[in-house]
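One structure is given here, and the rest of the page talks about it.
All of these numbers come straight from a predicted model, not from anything done at the bench.
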Amino acid sequence: MSASNLARTALAAALAATAFAAQADYDPVVGKLLFEDTMNQTGRSFTGNCTSCHTNVQNRRDQISFTTTGQHNQFAAIDAETALNRLGYALNNFSQMKQFQVLEVDQMTDLAAYLADTPKTSETELSFSASAVNTPTVSQNLDLANGKTFGQVTVDSVAISGTGAARFTLKSDTCSAQKLANAATCRATISFSAADTAGYSATLTITMHPGTSTTKFTRTVALTGAVGVVTPPPPSGGNGGGSSNSDEGGGALGFGWLGGLALATALLRRQRGRTAG
(Lines give C-alpha, C1' and ligand atoms only; values in the text may rest on other atoms or scores of the structure.)
Protein backbone atom coordinates (compact mmCIF):
# COMPACT_ATOMS: atom_id res chain seq x y z
CA MET A 1 0.00 0.00 0.00
CA SER A 2 1.26 3.48 -0.77
CA ALA A 3 2.09 5.85 2.06
CA SER A 4 -0.76 8.14 1.01
CA ASN A 5 -3.33 5.33 1.13
CA LEU A 6 -2.02 4.15 4.48
CA ALA A 7 -2.27 7.68 5.85
CA ARG A 8 -5.80 8.05 4.47
CA THR A 9 -6.94 4.79 6.08
CA ALA A 10 -5.35 5.71 9.41
CA LEU A 11 -7.03 9.12 9.27
CA ALA A 12 -10.39 7.56 8.42
CA ALA A 13 -10.07 5.15 11.34
CA ALA A 14 -9.20 8.02 13.68
CA LEU A 15 -12.14 10.07 12.45
CA ALA A 16 -14.44 7.09 12.81
CA ALA A 17 -13.28 6.50 16.37
CA THR A 18 -13.97 10.15 17.12
CA ALA A 19 -17.41 9.77 15.60
CA PHE A 20 -18.15 6.87 17.94
CA ALA A 21 -17.09 8.91 20.94
CA ALA A 22 -19.02 12.00 19.87
CA GLN A 23 -22.36 10.46 18.98
CA ALA A 24 -24.46 7.31 19.36
CA ASP A 25 -26.44 7.46 16.11
CA TYR A 26 -24.27 5.06 14.12
CA ASP A 27 -26.68 2.74 12.35
CA PRO A 28 -26.38 -1.07 12.37
CA VAL A 29 -29.36 -1.34 10.00
CA VAL A 30 -27.43 0.59 7.33
CA GLY A 31 -24.33 -1.39 8.26
CA LYS A 32 -26.18 -4.63 7.54
CA LEU A 33 -27.04 -3.40 4.05
CA LEU A 34 -23.42 -2.37 3.47
CA PHE A 35 -22.13 -5.74 4.67
CA GLU A 36 -24.48 -7.81 2.53
CA ASP A 37 -24.65 -5.62 -0.61
CA THR A 38 -21.55 -3.45 -0.48
CA MET A 39 -21.36 -2.57 -4.17
CA ASN A 40 -24.95 -1.44 -4.68
CA GLN A 41 -25.11 0.39 -1.34
CA THR A 42 -21.94 2.38 -2.02
CA GLY A 43 -22.33 2.78 -5.77
CA ARG A 44 -18.73 1.63 -6.23
CA SER A 45 -17.23 -1.27 -8.17
CA PHE A 46 -15.57 -3.85 -5.94
CA THR A 47 -14.52 -7.41 -6.67
CA GLY A 48 -17.18 -8.55 -4.21
CA ASN A 49 -19.24 -7.71 -1.16
CA CYS A 50 -18.21 -8.23 2.46
CA THR A 51 -20.03 -11.57 2.33
CA SER A 52 -17.72 -12.72 -0.47
CA CYS A 53 -15.01 -13.34 2.13
CA HIS A 54 -16.95 -13.76 5.36
CA THR A 55 -20.05 -15.61 4.09
CA ASN A 56 -22.11 -14.12 6.92
CA VAL A 57 -21.75 -11.71 9.82
CA GLN A 58 -21.49 -14.54 12.36
CA ASN A 59 -18.27 -15.62 10.68
CA ARG A 60 -16.80 -12.12 11.09
CA ARG A 61 -17.96 -11.86 14.71
CA ASP A 62 -16.35 -15.21 15.42
CA GLN A 63 -13.03 -13.98 14.01
CA ILE A 64 -13.19 -10.77 16.07
CA SER A 65 -13.97 -12.78 19.19
CA PHE A 66 -11.05 -15.13 18.61
CA THR A 67 -8.65 -12.25 17.92
CA THR A 68 -9.65 -10.27 21.01
CA THR A 69 -10.44 -13.03 23.54
CA GLY A 70 -8.77 -16.17 22.20
CA GLN A 71 -12.12 -17.96 21.98
CA HIS A 72 -14.36 -18.60 19.00
CA ASN A 73 -17.84 -17.20 19.60
CA GLN A 74 -20.08 -16.20 16.71
CA PHE A 75 -22.49 -14.53 19.16
CA ALA A 76 -19.87 -12.63 21.16
CA ALA A 77 -20.78 -9.34 22.83
CA ILE A 78 -18.51 -7.12 20.73
CA ASP A 79 -18.40 -3.39 21.37
CA ALA A 80 -18.49 -1.01 18.42
CA GLU A 81 -15.02 0.42 19.07
CA THR A 82 -13.46 -3.06 18.94
CA ALA A 83 -15.32 -3.83 15.72
CA LEU A 84 -14.06 -0.58 14.21
CA ASN A 85 -10.46 -1.30 15.23
CA ARG A 86 -10.61 -4.75 13.66
CA LEU A 87 -12.14 -3.29 10.51
CA GLY A 88 -9.32 -0.77 10.26
CA TYR A 89 -6.74 -3.51 10.81
CA ALA A 90 -8.26 -5.61 8.02
CA LEU A 91 -8.30 -2.65 5.62
CA ASN A 92 -4.60 -2.08 6.21
CA ASN A 93 -3.30 -5.66 6.34
CA PHE A 94 -5.31 -7.90 4.01
CA SER A 95 -4.97 -7.46 0.25
CA GLN A 96 -8.60 -8.42 -0.49
CA MET A 97 -9.81 -5.78 1.97
CA LYS A 98 -7.71 -2.87 0.71
CA GLN A 99 -10.22 -2.12 -2.04
CA PHE A 100 -12.65 -1.00 0.68
CA GLN A 101 -10.34 1.81 1.84
CA VAL A 102 -12.49 4.15 -0.27
CA LEU A 103 -15.40 3.76 2.19
CA GLU A 104 -16.50 6.94 3.89
CA VAL A 105 -16.14 7.41 7.64
CA ASP A 106 -19.88 7.04 8.31
CA GLN A 107 -19.93 3.84 6.25
CA MET A 108 -17.11 2.42 8.37
CA THR A 109 -18.92 3.28 11.60
CA ASP A 110 -22.16 1.79 10.31
CA LEU A 111 -20.37 -1.43 9.37
CA ALA A 112 -18.74 -1.59 12.80
CA ALA A 113 -22.11 -0.96 14.45
CA TYR A 114 -23.57 -3.92 12.57
CA LEU A 115 -20.71 -6.20 13.59
CA ALA A 116 -21.34 -5.20 17.21
CA ASP A 117 -25.14 -5.52 16.98
CA THR A 118 -25.70 -8.51 19.30
CA PRO A 119 -27.71 -8.87 22.55
CA LYS A 120 -26.09 -6.85 25.32
CA THR A 121 -26.62 -6.21 29.02
CA SER A 122 -26.98 -2.68 30.37
CA GLU A 123 -24.14 -3.33 32.86
CA THR A 124 -21.19 -5.69 33.04
CA GLU A 125 -21.03 -5.48 36.85
CA LEU A 126 -23.39 -4.65 39.69
CA SER A 127 -22.03 -3.64 43.10
CA PHE A 128 -24.16 -3.65 46.25
CA SER A 129 -23.56 -2.10 49.68
CA ALA A 130 -26.00 -3.02 52.46
CA SER A 131 -26.60 -0.57 55.30
CA ALA A 132 -26.59 -3.27 58.00
CA VAL A 133 -26.36 -7.05 58.40
CA ASN A 134 -29.45 -9.01 57.38
CA THR A 135 -30.81 -5.90 55.67
CA PRO A 136 -31.50 -6.21 51.93
CA THR A 137 -30.16 -3.49 49.70
CA VAL A 138 -32.25 -1.42 47.34
CA SER A 139 -32.78 -3.55 44.25
CA GLN A 140 -30.84 -2.84 41.08
CA ASN A 141 -32.10 -3.41 37.55
CA LEU A 142 -30.23 -5.16 34.77
CA ASP A 143 -31.60 -4.88 31.24
CA LEU A 144 -30.94 -7.20 28.33
CA ALA A 145 -31.42 -5.56 24.92
CA ASN A 146 -31.58 -7.52 21.68
CA GLY A 147 -29.75 -6.10 18.67
CA LYS A 148 -31.61 -4.07 16.08
CA THR A 149 -30.72 -6.54 13.32
CA PHE A 150 -29.97 -9.69 15.30
CA GLY A 151 -33.32 -11.40 14.80
CA GLN A 152 -35.47 -13.06 17.43
CA VAL A 153 -33.68 -14.41 20.49
CA THR A 154 -35.19 -16.67 23.16
CA VAL A 155 -33.99 -16.30 26.74
CA ASP A 156 -33.68 -19.78 28.24
CA SER A 157 -32.76 -18.82 31.79
CA VAL A 158 -31.46 -16.20 34.19
CA ALA A 159 -29.44 -17.68 37.05
CA ILE A 160 -27.07 -16.58 39.81
CA SER A 161 -24.12 -18.85 40.61
CA GLY A 162 -20.80 -18.73 42.43
CA THR A 163 -19.52 -18.88 46.00
CA GLY A 164 -21.60 -15.93 47.16
CA ALA A 165 -24.73 -16.73 45.15
CA ALA A 166 -26.90 -17.29 48.24
CA ARG A 167 -26.41 -13.63 49.25
CA PHE A 168 -27.94 -12.29 46.03
CA THR A 169 -31.66 -12.51 45.30
CA LEU A 170 -33.30 -12.40 41.89
CA LYS A 171 -36.29 -10.31 42.92
CA SER A 172 -37.97 -10.33 39.52
CA ASP A 173 -37.22 -11.59 36.03
CA THR A 174 -39.05 -10.62 32.84
CA CYS A 175 -36.44 -12.33 30.65
CA SER A 176 -36.67 -16.10 31.21
CA ALA A 177 -38.70 -17.95 28.57
CA GLN A 178 -39.25 -14.71 26.66
CA LYS A 179 -38.80 -14.31 22.92
CA LEU A 180 -37.20 -10.94 22.21
CA ALA A 181 -37.76 -9.43 18.78
CA ASN A 182 -35.30 -6.98 17.22
CA ALA A 183 -34.44 -4.15 19.64
CA ALA A 184 -36.72 -5.59 22.36
CA THR A 185 -35.61 -5.56 26.00
CA CYS A 186 -36.28 -7.44 29.23
CA ARG A 187 -35.23 -6.87 32.84
CA ALA A 188 -33.87 -8.74 35.85
CA THR A 189 -33.93 -7.14 39.30
CA ILE A 190 -31.39 -8.13 41.96
CA SER A 191 -30.79 -7.32 45.64
CA PHE A 192 -28.15 -8.31 48.20
CA SER A 193 -28.05 -9.04 51.94
CA ALA A 194 -25.55 -10.71 54.27
CA ALA A 195 -25.33 -11.78 57.92
CA ASP A 196 -21.79 -10.43 58.30
CA THR A 197 -19.48 -7.78 56.87
CA ALA A 198 -17.51 -10.09 54.57
CA GLY A 199 -17.40 -9.36 50.87
CA TYR A 200 -19.29 -11.66 48.51
CA SER A 201 -19.23 -12.22 44.77
CA ALA A 202 -21.29 -14.18 42.28
CA THR A 203 -22.15 -14.25 38.59
CA LEU A 204 -25.49 -13.65 36.94
CA THR A 205 -25.73 -15.63 33.71
CA ILE A 206 -28.32 -15.09 31.00
CA THR A 207 -28.55 -18.06 28.63
CA MET A 208 -30.28 -17.68 25.27
CA HIS A 209 -30.46 -19.00 21.71
CA PRO A 210 -31.13 -17.24 18.38
CA GLY A 211 -34.18 -18.00 16.24
CA THR A 212 -34.75 -21.71 15.74
CA SER A 213 -31.11 -22.58 16.40
CA THR A 214 -30.24 -24.94 19.23
CA THR A 215 -26.90 -23.20 19.76
CA LYS A 216 -26.92 -21.44 23.11
CA PHE A 217 -24.83 -18.45 24.13
CA THR A 218 -24.60 -16.40 27.29
CA ARG A 219 -24.12 -12.96 28.74
CA THR A 220 -22.59 -12.73 32.21
CA VAL A 221 -22.65 -9.95 34.79
CA ALA A 222 -20.36 -9.87 37.84
CA LEU A 223 -22.11 -9.32 41.18
CA THR A 224 -20.29 -8.02 44.25
CA GLY A 225 -21.69 -7.06 47.64
CA ALA A 226 -20.84 -6.29 51.24
CA VAL A 227 -22.31 -4.68 54.31
CA GLY A 228 -21.00 -1.14 54.46
CA VAL A 229 -18.77 -0.23 57.40
CA VAL A 230 -19.71 3.15 58.83
CA THR A 231 -16.67 5.23 59.81
CA PRO A 232 -17.25 7.13 63.09
CA PRO A 233 -16.95 10.94 62.88
CA PRO A 234 -13.88 12.66 64.36
CA PRO A 235 -14.18 13.81 68.00
CA SER A 236 -15.86 17.18 68.40
CA GLY A 237 -14.71 20.07 70.58
CA GLY A 238 -12.99 22.44 68.17
CA ASN A 239 -9.61 23.75 69.32
CA GLY A 240 -10.20 22.41 72.80
CA GLY A 241 -10.35 18.82 71.60
CA GLY A 242 -6.61 18.24 71.89
CA SER A 243 -3.66 18.49 69.54
CA SER A 244 -4.01 17.72 65.86
CA ASN A 245 -1.70 16.52 63.13
CA SER A 246 -0.82 19.26 60.66
CA ASP A 247 -1.49 16.86 57.77
CA GLU A 248 -5.08 16.35 58.88
CA GLY A 249 -7.69 19.03 58.81
CA GLY A 250 -11.33 19.26 59.77
CA GLY A 251 -12.71 21.03 56.71
CA ALA A 252 -9.46 22.30 55.16
CA LEU A 253 -6.77 20.57 53.13
CA GLY A 254 -3.82 19.35 55.23
CA PHE A 255 -0.33 20.73 54.67
CA GLY A 256 0.98 17.28 53.74
CA TRP A 257 -1.62 16.93 50.99
CA LEU A 258 -0.84 20.41 49.65
CA GLY A 259 2.88 19.66 49.68
CA GLY A 260 2.32 16.46 47.73
CA LEU A 261 0.23 18.36 45.20
CA ALA A 262 2.95 20.98 44.77
CA LEU A 263 5.58 18.27 44.21
CA ALA A 264 3.40 16.49 41.65
CA THR A 265 2.81 19.79 39.84
CA ALA A 266 6.52 20.53 39.72
CA LEU A 267 7.32 17.09 38.35
CA LEU A 268 4.63 17.47 35.71
CA ARG A 269 6.05 20.84 34.63
CA ARG A 270 9.53 19.35 34.43
CA GLN A 271 8.26 16.45 32.31
CA ARG A 272 6.46 18.86 29.98
CA GLY A 273 9.65 20.88 29.65
CA ARG A 274 11.60 17.80 28.64
CA THR A 275 8.96 16.85 26.11
CA ALA A 276 8.95 20.37 24.62
CA GLY A 277 12.74 20.29 24.39
Would you check if K32 and D110 make a side-chain contact, meaning some heavy-atom pair closer than 4.5 Å?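 Counting from C-beta outward, K32 and D110 never come under 4.5 Å.
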Steps toward side chain to side chain contact (heavy atoms under 4.5 Å, CB included) verdict (L142, S122): CA-CA 6 Å; L142 178 73; S122 56; 3.8 Å; yes
Could you pull out the closest heavy-atom pair between [X] and [Y], with the gap in Å?
| X | Y | result |
| --- | --- | --- |
| N182 | K148 | ND2-O, 3.1 Å |
| D79 | A116 | C-CB, 3.7 Å |
| F35 | L111 | N-CD2, 3.6 Å |
| G147 | D117 | CA-OD1, 3.3 Å |

So V153 and F217, side chain to side chain contact (heavy atoms under 4.5 Å, CB included) or not? Walk me through it. CA-CA 10 Å; V153 62; F217 64 99; 4.0 Å; yes
L126 and side-chain contact (heavy atoms from CB on, under 4.5 Å): which partner among T224, N141, L223, T121? L223
For side chain to side chain contact (heavy atoms under 4.5 Å, CB included), just list the numbers for F150 and T118, CA-CA rounded to whole Å, side-chain angles, deciding distance to a tenth of an Å, and then say yes or no. CA-CA 6 Å; F150 191 79; T118 64; 4.1 Å; yes
Polar side chain donor-acceptor pair, T42 to Q107, under 3.5 angstrom: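 Distance-only check fails for T42 and Q107.
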Can you confirm whether the side chains of Q58 and D62 place a donor and an acceptor under 3.5 Å from each other?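 Side chains of Q58 and D62: no pair found under 3.5 Å.
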Pair listing, ring-ring contact (aromatic ring centres under 6.0 Å, His included) test, anchored in residues 173-213, at least two apart: F168-F192
